[in-house]
*Asks:* 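Sharing a structure with you now.
In the text below, chain A, chain B and the rest are named by the order of the sequence lines, each starting its count at 1. Just so it is clear, the values below take in all heavy atoms, side chains as well, and ignore hydrogens, waters and symmetry mates.
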Amino acid sequence: MESSDSKRFFSMELLGWYRKARRDLPWRRSRDPYHIWVSEIMLQQTRVDTVIPYFNRFVDRFPSIERLAEAPEEDVLKHWEGLGYYSRARNLQAAAREVAEQYGGVVPSGKKEVSGLKGVGPYTAGAILSIAYNQPEPAVDGNVMRVLSRYFCLEDDIARPSTRIGMEGLAQELIPEGEAADFNQALMELGALICTPKSPSCTECPVTDMCLARLQGRERELPVKTKAKKAKPVYRFAALVEGTGPHAGKVLVRQRSETGLLARMWELPHIEVSDADAWEDSSMGKQRLETALADDGVRIQAKEQIIGEAQHIFTHLIWNIRVLPAVAAEEYVADRTAYEWVGPEQFENYAWPNVFRKLLTEYFIRAMNS
DNA sequence: AACGCGGGGAG
DNA sequence: CTCCCAGCGTT
């Protein structure tokens, strides 16, 4: 069998399958390039089911590029809360401002222009150009690499950038004339619904008859991907500083730095200790917390008692956090803008990483019941 | 090329 | 537990 026949079969069968099997997703209800763009950013490393409610809230609150461009950055971040990879939100708004100023508020349809937008890489550029503008550009993500690896029995390591480059060439060849939008989505839809990572549903697959991996019984061995290394545990103490007087019923929180991990999100003030042994010593935690906050101009008195514990898991890091109670000293000042008092009424106005949302919610509920 | 960056669902 | 998801930016 000629390879070109195999390719034609793949493209035609896949497209036919997609016309019937495509899911009704919010961003498929129009070809509004802005909606396509927002959805593609949200879908980076994030499942469809997770994205749907975020997408609906986001386009409801920011219905146009202009409205997104003019919104307060805090507001954008708030609508991203819980979705992860927060630089996506910051980059999306920066890019929206660029589109508003440079391109008259219209998502550009040129490859160079789209690729130049912040947060838009090779995959997202291809997705926007093909889905919104039906241009024959490949959009190669994890789904596509898995599908192509299996169908063509390709053993290249998909963790390597060079493999993605090669797949882009192949994926572009496969696009039927004038069908870029549906075909690219069909490829990803197959990867998401049928050609899944662990146990592909080959009996329901429209291209199973010519899938080389399937014919060799090797579909579960592909794609080849080198492993990432294990996440490293770190240990931290957080202070739950209860306010008094004008701050009664409130808790002291602070905003994280402009860049890096969880940029600009809010947290309980906390410090990192050297290892698991140090984490067992809450009297040291108390001392370290008081000293560290004093360095920030915040005078507090902590206790050794542990009133909360939580874990936050990142790809590369695991935070283990123990919470110690504290009160602000008489001469508490802290004119640092990073620190604020927050009560249950203001809680939802701040963007929290899940771990601090959990700890604070627990605290406020306990406080309310006592 | 390697690493940092979140959170959640599936097996 | 592990894997991995409609990846990108930085170094």
*Asks:* What's the closest nucleotide to the side chain of A:Glu189 if the choices are B:dG7, C:dG7, C:dA6?
*Replies:* C:dA6
*Asks:* Can you confirm whether A:Pro269 sits close enough to A:Val298 that some side-chain heavy atom of one is under 4.5 Å from a side-chain heavy atom of the other?
*Replies:* no
*Asks:* State, without any angle test, whether A:Ser109 and A:Gln135 hold a side-chain donor-acceptor pair at a distance under 3.5 Å.
*Replies:* no
*Asks:* Separation of A:Tyr54 atom OH from C:dA6 atom C1', in whole Å?
*Replies:* 17 Å
*Asks:* Taking the C1' atom of each, how far is C:dC4 from B:dG6, in whole Å?
*Replies:* 13 Å
*Asks:* Looking at every strand, decide which applies to A:Arg146 at a 4.0 Å heavy-atom threshold: base, sugar-phosphate, or nothing.
*Replies:* sugar-phosphate
*Asks:* Could you tell me the separation between the CD atom of A:Gln93 and the P atom of C:dC8, rounded to a whole number of Å?
*Replies:* 20 Å
*Asks:* When you measure only distances, ignoring hydrogens and angles, does the side chain of A:Thr50 come within 3.5 Å of the base of B:dG9 through a donor and an acceptor?
*Replies:* no
*Asks:* Taking atom types as modelled, find out whether A:Glu221 and A:Gln216 have a side-chain donor-acceptor pair closer than 3.5 angstrom.
*Replies:* no
*Asks:* Starting at the 5' end of DNA chain B and moving along, which residue's nearest nucleotide shows up first, A:Arg220 or A:His312?
*Replies:* A:His312
*Asks:* Check every strand shown and say whether A:Trp80 touches a base, only sugar-phosphate, or nothing at a heavy-atom separation below 4.0 Å.
*Replies:* nothing
*Asks:* If we take the P atom in both C:dA6 and B:dG4, what is their distance in whole Å?
*Replies:* 24 Å
*Asks:* Take atom NZ in A:Lys78; do more than 12 heavy atoms of anything else shown fall under 6.0 Å from it?
*Replies:* yes
*Asks:* For A:Asp157 and B:dA1, what is the distance between atoms CG and C1' respectively, to the nearest whole Å?
*Replies:* 12 Å
*Asks:* Would you say A:Gln45 reaches C:dC5's phosphate, i.e. side-chain N/O to OP1/OP2 under 4.0 Å?
*Replies:* no
*Asks:* Could you check whether A:Arg236 and A:His270, counting side-chain N and O atoms only, form a donor-acceptor pair closer than 3.5 Å?
*Replies:* yes
*Asks:* Among B:dG6, B:dG11, C:dC8, find the nucleotide with the atom closest to the side chain of A:Leu262.
*Replies:* B:dG6
*Asks:* Send over the distance from A:Leu43 CG to B:dG8 P, rounded to a whole Å.
*Replies:* 16 Å
*Asks:* Out of B:dG7, C:dC8, B:dG11, which nucleotide sits closest to the side chain of A:Pro122?
*Replies:* C:dC8
*Asks:* Touch check for A:Leu187, heavy atoms < 4.0 angstrom, all strands: base, sugar-phosphate only, or nothing?
*Replies:* nothing
*Asks:* Please tell me if A:Tyr86 has a side-chain N or O lying less than 4.0 Å from either OP1 or OP2 of B:dG7.
*Replies:* yes
*Asks:* Looking for any heavy atom pair under 4.0 Å, which part of the strands does A:Arg256 touch: base, sugar-phosphate only, or nothing?
*Replies:* nothing
*Asks:* Scan A:Ser87 against the nucleic acid and name what it touches under 4.0 Å (heavy atoms): base, sugar-phosphate only, or nothing.
*Replies:* nothing
*Asks:* Given atom CD1 of A:Ile41 and atom P of B:dC5, what is their separation to the nearest angstrom?
*Replies:* 19 Å
*Asks:* Taking the side chain as everything from C-beta on, heavy atoms only, tell me whether A:Glu362 gets closer than 4.5 Å to A:Ile307.
*Replies:* no
*Asks:* Return the 5'-most residue of the pair A:Lys198, A:Val48 with respect to DNA chain C, ranking by each residue's nearest nucleotide.
*Replies:* A:Lys198
*Asks:* Just checking A:Thr196: base, sugar-phosphate only, or nothing, at a heavy-atom cut-off of under 4.0 Å?
*Replies:* nothing
*Asks:* Does A:Arg160 put a side-chain nitrogen or oxygen below 4.0 Å from OP1 or OP2 of B:dA2?
*Replies:* no
*Asks:* Around atom CZ of A:Arg19, are there more than 12 heavy atoms from other residues, nucleotides or ligands closer than 6.0 Å?
*Replies:* yes
*Asks:* On DNA chain C, compare the nucleotides closest to A:Asp141 and A:Val120; which residue's is nearer the 5' end?
*Replies:* A:Asp141
*Asks:* To the nearest Å, give me how far apart CZ (A:Arg47) and P (C:dC5) are.
*Replies:* 8 Å
*Asks:* Counting any heavy atom closer than 4.0 Å, what does A:Asn354 reach on the DNA or RNA strands: base, sugar-phosphate only, or nothing?
*Replies:* sugar-phosphate
*Asks:* Roughly how many Å is it from CD in A:Glu40 to P in C:dG7, rounded to a whole number?
*Replies:* 9 Å
*Asks:* Regarding A:Gly82, tell me which of base, sugar-phosphate or nothing describes its non-hydrogen contacts under 4.0 Å with the strands shown.
*Replies:* sugar-phosphate
*Asks:* Return the value, rounded to whole Å, for the distance between atom CG of A:Asn143 and atom C1' of C:dA6.
*Replies:* 6 Å
